[in-house]
Each structure stands twice: as C-alpha cells, then as structure tokens.
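Only one structure is covered here, and it is reproduced in the block below.
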Amino acid sequence: MEPIILNHPLITHKLTILRDKRTGTKEFREIISEISTVLCYEAMKDAKLEDKEIETPICKMQGKKLDEDNYAFIPILRAGTGMLDGLINILPNAKIGHIGLYRNEETLKPVKYYYKVPKDIEKREVIVLDPMLATGGSGIDAISMLKEDGAKKLKFLCIIAAPEGIKKIQEAHPDVQIYCATLDSNLNENGYIVPGLGDAGDRIFGTK
Ligand code: PRP
Ligand code: URA
C-alpha cells in the first residue's frame with residue numbers, strides 16, 4: 001500500500017518549526033500534537049458512520065455518528081505518547097494501549113520492554129503512533145505484536161518517515177496503511193532521518 005503523505009502548506013510550515021534545533025520543548029510538543037490531529041483526520045477518512053436521529057433547533061434530521069469505542073490508539077514508547085493527546089482530543093473514547101520499544105544504539109534493532117493493549121484488540125481498528133519511521137524496525141515489531149494478539153485492521157501514523165522505513169513496513173506488513181506528515185531524504189550512518197528533527201523522544205521530553 002502506498003503511504004499517504006500530508007502535503008499541505010500549513011503542515012510544511014509547522015514542520016519547519018519542529019525541525020529547527022532552536023525550537024523549545026513546549027512548542028515542539030504542541031506542534032507534534034497538532035500534526036497528529038491532522039493525521040488522525042486523514043486516517044479516519046474511511047470511518048464507518050451510523051445513523052442517529054437528532055433534532056436541531058429547526059427540525060428533526062437523520063444525523064451520522066462514529067462508533068468511537070471501536071478504536072484503539074497504540075503509541076510506541078516513548079516518543080509515540082507525544083502524539084497521543086492530538087488524537088484523544090478528537091476521539092476521547094478510544095481505548096489506549098502502549099508498546100515499549102527502544103532502539104539499541106549499535107544494532108539499531110528494537111528492544112521490547114513493555115506491552116499492554118486493550119483486551120479485545122481483535123475487534124478494534126488499531127492506530128499505531130510513532131513520530132519517527134526510520135529503519136522501520138520499531139514499527140514492524142509493534143505491528144507484528146498486535147497482529148499476534150489478533151489485530152486485523154491496522155494503520156500506522158508518523159510525523160517524519162524515511163524511504164527505507166516505508167519500504168520495510170510495506171514489505172513486512174503490506175496490509176497496513178501508513179500516514180505521514182512528510183517523507184524525508186534518507187537515513188544517516190547512525191540510523192537518524194536526514195534532515196529529520198533529531199531524537200524525537202529527547203525533544204518531546206527534554207531529556208537532552
Ligand atoms: C525512536 C522513534 C521510533 C524509533 C524509530 O525511538 O520514536 O520508535 O526510534 O526508529 P526505527 O524506525 O529505526 O525503529 P527510540 O528508540 O529513540 O526510543 P524513545 O522513543 O524512547 O526515545
Ligand atoms: N528516532 C528518532 O527519534 N529520530 C530519528 O531520526 C530516527 C529514529
């Protein structure tokens with residue numbers, strides 16, 4: 001499946017602030033959250049709606065409602081949690097799971113340290129969150145764990161993707177639709193996205 005890339009002047013503008021190394025933690029978090037909301041709107045374009053009769057101040061009408069309870073948001077720790085409030089602001093009844101993964105700095109392979117997801121994950125539409133899709137290792141492992149638990153309908157939302165990571169996820173999980181705000185040039189020798197924004201977790205949490 002081809003990735004869906006947000007190409008919008010406002011997103012490009014926000015990304016430039018995000019990438020700038022002088023941007024502080026507060027503004028960085030706010031923009032991650034804002035872009036995540038837009039990604040969520042994009043990912044919900046095919047959402048199923050149910051009829052709901054309501055009455056406006058003028059007349060009765062047949063409205064449409066989303067089954068909010070149908071969704072599970074799964075941030076990959078740590079950086080994925082920075083995207084979460086941008087989604088729960090608009091879908092506050094979604095269930096939330098967490099997958100803890102960090103990249104071994106030498107091998108760049110993801111190491112799992114936490115896994116807790118809603119118990120009826122197989123019935124839900126699952127939206128995995130991670131701002132950076134670099135080698136693709138973390139995304140692939142997170143999606144595999146969710147599939148082992150029975151998840152069938154999955155989407156992957158990220159802010160910046162590298163072509164290498166997109167290709168890897170497409171090969172490993174061709175059924176998963178990737179949404180990203182932008183597609184960058186390449187990975188450097190340390191597995192960082194170029195030009196990227198640096199270490200997303202460190203910038204969200206101010207740890208460096
Ligand atoms: C970052 C990022 C992704 C991963 C992407 O996490 O948030 O999870 O790297 O890289 P990949 O596509 O090559 O797997 P990191 O391991 O730095 O952990 P953190 O979120 O705790 O900082
Ligand atoms: N993880 C990050 O936080 N940034 C990158 O550029 C690559 C992986």
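- No side-chain heavy atom of Val194 sits less than 4.5 Å from a side-chain heavy atom of Asp184.
- Between Arg78 and Asp202 there is a salt bridge, since a side-chain N of the basic residue sits under 4.0 Å from a carboxylate O of the acidic one.
- When the shell of 6.0 Å around CD of Glu171 is examined, it contains more than 12 heavy atoms from other residues, nucleotides or ligands.
- Not a single donor-acceptor pair under 3.5 Å links the side chain of Lys155 to the backbone N or O of Lys153.
- Checked for salt-bridge contact, Lys95 and Asp120 miss the test: no charged N lies under 4.0 Å from a carboxylate O.
- Formation of a donor-acceptor pair under 3.5 Å by the Glu164 side chain with backbone atoms of Leu187 is found in this model.
- In this structure, the side chains of Val128 and Leu157 stay at 4.5 Å or more apart for every pair of heavy atoms.
- Taking 4.5 Å as the limit, every side-chain heavy atom of Lys64 sits out of range of all side-chain heavy atoms of Lys52.
- Put simply, the side chain of His8 gets close to the backbone of Leu10: a donor and an acceptor are under 3.5 Å apart.
- Between the Arg124 side chain and the Pro118 main chain, no donor and acceptor come within less than 3.5 Å of each other.
- Crowding of Lys147 atom NZ: a count of heavy atoms from other residues, nucleotides or ligands under 6.0 Å exceeding 12.
- Between the side chains of Arg203 and Thr23, not a single donor N or O lies within less than 3.5 Å of an accepting N or O.
- The two atoms that bring Arg19 and Gly196 nearest to each other are NH1-O, 3.1 Å, heavy atoms only.
- Counting heavy-atom neighbours within 6.0 Å of Glu53 CD, excluding the residue itself, gives a total above 12.
- Using modelled atom types and a 3.5 Å distance limit, the side chains of His98 and Thr81 yield no donor-acceptor pair.
- A cation-pi arrangement, defined by a distance under 6.0 Å to the six-membered ring centre and an angle within 45 degrees of its axis, is present between Arg103 and Tyr192.
- Checked by atom type and distance alone, the side chain of Glu55 never pairs as donor or acceptor with a backbone atom of Met61 at under 3.5 Å.
- Interatomic distance, CG of Leu91 versus CZ of Phe73, reported as 4.5 Å (0.5 Å rounding).
- Looking at Gln170, its side chain never comes within 3.5 Å of a backbone N or O of Ile178 through a donor-acceptor pair.
- Both tests hold for Lys112 against Tyr115: distance to the six-membered ring centre under 6.0 Å, angle to the ring axis within 45°.
- Side chain of Thr37 to backbone of Gly86: a donor-acceptor contact under 3.5 angstrom is found.
- Considering only heavy atoms from C-beta on, Thr25 stays 4.5 Å or farther from Ile204 through its side chain.
- Contact of the Ile159 side chain with the Leu18 side chain is registered, since non-hydrogen atoms from C-beta on lie closer than 4.5 Å.
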